[in-house]
Amino acid sequence: MSEKIKNVIAIDGPAASGKSTIAQLVAEKMKAYYISTGNMYRAIAYKILENNIKAESAEEETFEKVLSNIKLDFKKDSDDNLIMILNGKPLGQEIRKPEVANIVSYVAKSPAVRKWLLDKQRSLTHLGLIVIEGRDIGTVVFPDAKFKFFLTASPTVRAKRRLKQDGENASDATVETVSKAIAQRDKIDSNRKIAPLKQADDAVLVDSSNMNKNEVVEYIVSKINT
Ligand code: DC
């Protein structure tokens, strides 16, 4: 059996399952760096939009061309948190806009995009202990991570949580419309050929539908510490 990577805590799960909130809290507790790979895909989707490219029908060469003009780095801020820098500019709420959310699944289907980000994601272990969340962290990015969790919740709970999260909710969004958009994104993420959304065989399943965030964090931290 291959050696387990001890400085990676992988958290995967579907859209709006609470991964980012939970992963950030776990990172705080474990004194680890927090990394959202979804935000990395969103950063590329943001560039695709900026270039007026239709992600749904874009060719691989088009994605490759955009990637060749992207520089994506992480810097530590004064609180020692990581901030993502896209072509020299720190990224903020712009990547959470509905326009970005609506196309990001199509961007994440591109083999060129996934390969480009995979190398970047793997290189992040040089930081030390990391909590890294996404869809394929336990299966593809770090299959040898010692700590793997698959976080989920019912579709309605997830839609309600996403509505609360700032940015992504347009003013006319409802639980129904958000729930539909989430289901559509899950479908694309789960059915794509490369690195689909899937629980790793050795990941701990956490269904947070009836748990508050502190309970989820305590549970995950207790599993890490045993
Ligand atoms: O976690 P999120 O909703 O911000 O992710 C945005 C999109 O990126 C989502 O459609 C799935 C995709 N993604 C992925 O394919 N692989 C990852 N490791 C993380 C996100």
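In what follows, every heavy atom counts, from backbone to side chain, and hydrogens, waters and symmetry copies are set aside. Just so you know, residue 1 is the first one in the sequence shown, and it goes up from there. Note that the structure is a prediction, hence the values are computed from the model and not measured. First listed ligand is number 1; within each ligand, the first listed atom is number 1.
For a threshold of 3.5 Å applied to N or O pairs, the pair formed by R135 and ligand 1 contains at least one separation below that value. Looking at R96 next to ligand 1, no N or O pair under 3.5 Å apart turns up. Distances between N or O atoms of R162 and those of ligand 1 include no value under 3.5 Å.
Listed by number with element, the atoms of ligand 1 under 4.0 Å from a non-hydrogen atom of D136 are 16 (N), 17 (C), 18 (N). Close approach to A108 involves these atoms of ligand 1, each under 4.0 Å from a residue heavy atom: 12 (C), 15 (O). The R185 neighbourhood of ligand 1 comprises atoms 3 (O), 10 (O), with distances under 4.0 Å to a heavy atom of that residue. Proximity to D189 (heavy-atom distance under 4.0 Å) selects the following atoms of ligand 1: 9 (C), 10 (O), 11 (C).
Within the 4.5 Å cutoff, side-chain heavy atoms of E218 are placed close to those of K29. With a 4.5 Å cut-off on side-chain heavy atoms, N51 and T62 do not count as touching. Side-chain contact check for S36 versus S20: every heavy-atom pair is 4.5 Å or farther apart. Within the 4.5 Å cutoff, the side chain of F74 has no heavy atoms near those of the K120 side chain. Looking at L82 and L127, their side chains come closer than 4.5 Å, going by heavy atoms from C-beta outward. By the 4.5 Å heavy-atom criterion applied to side chains, I48 and F63 are counted as neighbours.
Taking the side chain to side chain donor-acceptor pair (under 3.5 Å) definition, one finds that S17 meets it with nothing, sequence neighbours left out. For R192, the salt bridge (Lys or Arg N to Asp or Glu O under 4.0 Å) partners at least two apart in sequence or on another chain are D189.
Residue A15 does not touch ligand 1, judged by heavy-atom distances below 4.0 Å. Under 4.0 angstrom from ligand 1, the non-hydrogen atoms of R42 all belong to its side chain.
Judged by the shortest distance from any of its heavy atoms, R114 lies inside the 4.0 Å radius around the atoms of ligand 1. For R192, the closest heavy-atom approach to ligand 1 falls below 4.0 Å.
The residue among S20, P196, G38 with a heavy atom at the shortest distance from atom 20 (C) of ligand 1 is G38.
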